[in-house]
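Following: one structure in structure tokens, then a few remarks.
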Amino acid sequence: MGQVFAASFLIGLREGLEMVLIVSVLVAYLVKTGRRQHLVPVWIGVGAAAALSIAFGWGLSYVSTTVLGGPGQELFDAITSAIAVALVTWMVFWMRRTARKLSGELRGRLDGAIGLGVGAVVGIAFLSVAREGLETTLLFFASAQGATSAAPLLGLGGGLVTAVVIGVGLYAGAIRINLSRFFTISGALLVLVAAGIFKYAVHDFQEAGVLPGLTTHAFDASGWLDPSAWYGALAAGLFNITPQPTVLETIAWIVYLVPVLTLFLLPGRAVRKSAAAPAPAVQSPAPNIVVPESTQHVDARA
């Protein structure tokens with residue numbers, strides 16, 4: 001139970017902090033430019049995005065557990081898992097490429113929206129948060145499939161609450177963290193989680209009859225990898241590592257994990273090695289947060 005909680009907590013913390021930092025950019029910009037009257041439309045957009053994400057999660061759960069059954073449910077779960085893997089892969093690389101300039105883009109869009117009216121301001125906040133919220137919901141749904149307790153939901157909620165606390169602390173200047181290191185470490189862990197979800201998707205495709213080899217196991221580790229032991233539960237809960245994976249599952253896990261994790265980690269090393277001299281501190285969008293050089297490339301999210 002604790003290990004399933006940990007995987008969901010990681011998803012909630014990582015994705016939640018991204019959403020909180022996006023909202024911080026919008027709110028801080030309005031406060032700094034003396035346009036507090038537009039804060040209410042921003043919060044309406046954020047609330048609508050949260051409601052859509054919750055409704056999307058309910059819809060996924062309803063279709064999977066009530067509408068479908070047997071092979072149809074397995075196929076649905078497999079497809080949603082594959083989509084979740086594609087989204088999380090795109091997300092971790094997208095953040096590396098665009099986080100530096102996202103803050104300026106958000107402020108520019110907000111300026112344009114204010115000129116168009118209240119509805120446009122609501123729309124900017126809604127679209128900015130909804131993308132992250134829907135992505136979080138889909139990733140959580142894929143990672144929590146097969147769970148029979150409330151641990152995944154509690155973990156996700158705990159991660160989101162922690163993200164809000166950290167975000168408020170950053171905004172107020174009470175907390176200082178190296179966001180660059182945080183997103184690198186959490187991104188690498190998410191890649192590991194995504195590899196497990198991809199493995200799960202392949203298994204579901206096999207159970208649905210779409211892929212062959214359901215009874216062809218790559219190895220049998222049940223003699224030493226006890227699912228009821230803490231290490232077995234950790235492997236299964238976080239990374240979906242099971243004692244008797246099929247050959248196709250194992251191949252899928254390796255083929256995804258090795259190149260994706262390598263490509264994700266290498267750019268960070270290249271950036272650090274190419275830095276010839278320290279850059280000056282950068283003022284973040286929040287009034288009281290100064291982002292150090294080590295976190296410049298995520299200034300947009302701070």
Side-chain angles (χ1 to χ4, degrees), residues 11-57 83-84 86-140 156 159-171 179 182-183 186-187 190 282-287 289 291 295-302:
I11 293 170
L13 178 61
R14 162 77 189 218
E15 300 294 318
L17 190 55
E18 289 187 22
M19 286 184 279
V20 169
L21 293 179
I22 286 175
V23 174
S24 295
V25 169
L26 299 176
V27 171
Y29 184 57
L30 291 176
V31 171
K32 290 177 68 176
T33 56
R35 293 181 283 189
R36 292 175 178 266
Q37 69 272 20
H38 295 292
L39 288 175
V40 172
V42 166
W43 287 116
I44 291 175
V46 171
L52 176 64
S53 301
I54 294 172
F56 180 56
I83 295 174
L87 281 177
V88 73
T89 305
W90 170 81
M91 178 268 296
V92 294
F93 285 101
W94 171 84
M95 187 172 181
R96 278 194 176 278
R97 293 195 310 269
T98 62
R100 181 191 292 271
K101 58 183 179 180
L102 185 60
S103 179
E105 290 181 357
L106 282 173
R107 292 194 294 262
R109 292 173 188 172
L110 188 57
D111 276 333
I114 289 173
L116 295 175
V118 173
V121 176
V122 173
I124 286 295
F126 173 80
L127 292 175
S128 299
V129 176
R131 182 190 61 196
E132 302 290 343
L134 294 176
E135 179 183 281
T136 302
T137 301
L138 184 59
L139 182 58
F140 169 72
L156 180 70
L160 290 173
V161 170
T162 304
V164 171
V165 171
I166 293 175
V168 172
L170 286 171
Y171 185 90
L179 291 176
F182 169 82
F183 282 116
S186 62
L190 273 185
V282 179
Q283 182 68 36
S284 75
I289 307 173
V291 182
T295 63
Q296 273 190 36
H297 81 278
V298 291
D299 176 44
R301 298 288 184 136

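Note that the structure is predicted; figures quoted are calculated from it, not measured.
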For [X], give me all partners under side-chain contact (heavy atoms from CB on, under 4.5 Å), at least two apart in sequence or on another chain.
X: L127; value: none
X: S128; value: I22, L106, I124
X: T89; value: V85, F93, Y256, V260
X: I44; value: V40, V122

salt_bridge(E135, R131) N-O dist < 4.0 Å =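 Judged by the 4.0 Å cut-off on N to carboxylate O distance, E135 and R131 do not form a salt bridge.
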For the residue pair A49 and A130, what are the closest heavy atoms and their distance?
->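 Closest pair (atom of A49, atom of A130, distance): CB-N, 3.6 Å.
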Any idea which heavy atoms bring G45 and A125 closest together, and the distance?
->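 So the minimum-distance heavy-atom pair works out to CA-CB, 4.1 Å.
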For residues [X] and [Y], determine if any side-chain heavy atom of one lies less than 4.5 Å from a side-chain heavy atom of the other.
X: I166; Y: L13; result: yes
X: V23; Y: V129; result: yes
X: R36; Y: L30; result: no
X: E15; Y: L190; result: yes

In sequence, state the C-alpha distance, the side-chain angles, and the governing distance for L138 and L134, and then conclude on side chain to side chain contact (heavy atoms under 4.5 Å, CB included).
-> CA-CA 6 Å; L138 184 59; L134 294 176; over 6 Å; no
For T33, which residues count as a side-chain hydrogen bond (donor to acceptor under 3.5 Å, both in side chains) partner, sequence neighbours excluded?
->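 Applying side-chain hydrogen bond (donor to acceptor under 3.5 Å, both in side chains) to T33 gives R35.
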Approximate separation, where rounding is to 0.5 Å, of [X] [atom1] and [Y] [atom2]:
X: L17; Y: L160; atom1: CG; atom2: CG; result: 10.5 Å
X: M91; Y: E18; atom1: CE; atom2: CD; result: 5.0 Å
X: L39; Y: L26; atom1: CG; atom2: CG; result: 10.0 Å

Stepwise side chain to side chain contact (heavy atoms under 4.5 Å, CB included) check, T136 with L156 = CA-CA 9 Å; T136 302; L156 180 70; 4.1 Å; yes
Would you find a donor on one side and an acceptor on the other, under 3.5 Å apart, between the side chain of S53 and the backbone of T137?
->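 Such a contact is absent between S53 side chain and T137 backbone.
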